[in-house]
Amino acid sequence: AVVSTQSTGILLGREHLLTRTRQNRSSVLVFGEEGEESVHGEFFNDDDFYQQLLREVIDKKMGEIGWSEDPDTMGRQWVELEKLKVKAKKKTMDTKASKGRKIRYEVHSKLLGFMAPMATDTLSDERQDELFKSLFGGSKKL
């Protein structure tokens, strides 16, 4: 609500708003022009708006934490904030898992009632040899 009220108030002074947004605050030179102008029609600088938004977010977060004026309480709250920052930054990462250096696998449950197949060949050994030779181009008897 504060931002909308502020933006409505700013839009009422249109000329002042245009002058503020067209300021060359970064001292950038325009190609083909000599001299450094403080206000230029080719610039659009909305830093003020985003700085105000950032201030409001920070104030809101400080209000949620219950920021106080007491130095001891403020110190404890600062330590809590720093702990939250550290927790947010830390990520558990396995450094040896990259580039295929770590084998990833799943353990399957054991097979129940498994039995290896039993050979039920009706062909004799000579007939099996003859079959495989004919299939795979074995040498012919001379």
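The basis for the numbers below is simple: all heavy atoms, side chains too, and nothing from hydrogens, waters or symmetry mates.
- To the nearest 0.5 angstrom, Leu135 atom CG is 10.5 Å from Glu130 atom CD.
- Atom CZ of Phe44 is separated from atom CG of Leu18 by 8.5 Å, given to the nearest 0.5 angstrom.
- With hydrophobic clusters built from ILVMFWY side chains whose heavy atoms lie under 4.5 angstrom apart, Val57 does not share a cluster with Tyr50.
- The environment of Gln128 atom CD is dense: over 12 non-hydrogen atoms of other residues, nucleotides or ligands sit within 6.0 angstrom.
- Glu126 CD: 12 or fewer foreign heavy atoms inside a 6.0 Å radius.
- With contacts defined as side-chain heavy-atom distances shorter than 4.5 Å, the pair His16/Arg20 qualifies.
- The CG atom of Asp48 sits 11.0 Å away from atom CG of Leu53, with the distance rounded to the nearest 0.5 Å.
- A side-chain contact (heavy atoms from CB on, under 4.5 Å) with Val79 holds for exactly one of Arg76, Glu82, Lys83; it is Lys83.
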